[in-house]
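The structure follows.
We count ligands from 1, going down the list as the structure has it; atoms in each ligand are counted the same way. The basis for the numbers below is simple: all heavy atoms, side chains too, and nothing from hydrogens, waters or symmetry mates.
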Amino acid sequence: MQKKIWQWTGLNEVTSSAAERGEPGAGEAEIRIVSIGICGTDLHIMSGHAGFGEPPLPLGHELAGVVERIGPGADGWQPGDRVCIDPLIGCGVCRECLAGNKHRCAQSGEIGLHYPGGWQEYLVVPAANLYLLPDAVGFEEATQAETLHCCLGGIDKLNIRLGSHAAVIGDGPTGLYYVQLLKAAGASKVTLFGMRDGRLELGRRLGADVTVNLRSSDTIAVTDAVASADAIAMETQDIAIDAAGNEASLKLGIKLLKRGGQLLLFGLPGHPILADIQTVVLKELTLAGSTNAPQVWPRVLELMASGGVQVKPLITQHYPFEALDQAIAFARNEPDEAIKIIVSHS
Ligand SMILES: [Zn+2]
Ligand SMILES: [Zn+2]
């Protein structure tokens, strides 16, 4: 049996073809992919700068679909079950895996990054990586459980008290999710820093109390840009989340925090950057890095189903699977327009 497939085939190049469908082995299930989120990581991999993944490879790690076939021992799953897929695969036997921290496994890799991903009609995955979708969560939204689970893992690393003041730096999808999660966690005032008015406007609709466009001033002089925004008082935030991951955003995060504040490092700089450690020490800041969080998937789906986090307002474009190449081109060429592009099978 054949399936349609898109693959990353070289520098910024995707190619469609047909491939043989796999057989679900022990503990595995074959998923009919319904929706795929296009992620900045996909573009990064295709540019050849990610340092992992080798073409030809079908990418796609933000995935939702329907169980098609189940292998021996994949108990508890039925053909027709609506699911999303945790792309992370650990060795399953090391200390970290056994402790539920497969993202810290030295052997871990991700479907769609290191292993064949969901840019295809059917994908065989470990049944242990599946999560049943609540009725209230559609396939397009469900692709975002992957991004959201990373964000919720970050929130779990912070001590957020009711009435906290929090800053989010970065107006990409993760920044917009963090705004919502901070409000849901009880922050009374959330300030979103970004570079695009449209994103900041959406951030306000999603709960941000204050937004600051860093581009309206010289972005190199980040502190001056902020000082000119009357609403922002430096050295007052209980929490700052760096969802941008560059030297300026890190500098801003450290500057925004009050003494004893907490800084969550989430965005990836891609290379070493400088930090004002003197200030980190003197202000007694707590720094936490965060990536994946395998334990939080069920809570993410409950949050989505209850409306505690909204995904739909972030979905800006929809493409059919046959036009995945166009979706990728749009994401690359119109980064300000495309917040989250979803590709779906008809
Ligand atoms: Zn992603
Ligand atoms: Zn392991």
Worksheet item: Do the rings of Phe321 and Trp6 sit parallel, tilted or perpendicular, given the 30° and 60° boundaries?
Response: perpendicular
Response to the item:
SG (Cys105) to the Zn ion (ligand 2) to SG (Cys94), nearest 10°, is 110°
Discussion item. To check your reading of the site, what angle at the Zn ion (ligand 1) do SG of Cys39 and NE2 of His61 form, to 10°?
Written reply: 110°
Response to the item:
Heavy atoms of Asn292 and His103 approach each other most closely as O-CD2, 3.1 Å
Item to complete: Give the atom name of whichever N/O/S atom in Glu62 sits closest to the Zn ion (ligand 1).
Response: OE2
Item to complete: Classify the ring geometry between Phe266 and Tyr178 as parallel (under 30°), tilted (30 to 60°) or perpendicular (over 60°).
Response: perpendicular
Practice prompt. Return yes when atom CD of Glu20 has more than 12 non-hydrogen atoms of other residues, nucleotides or ligands closer than 6.0 Å, and no otherwise.
Written response: yes
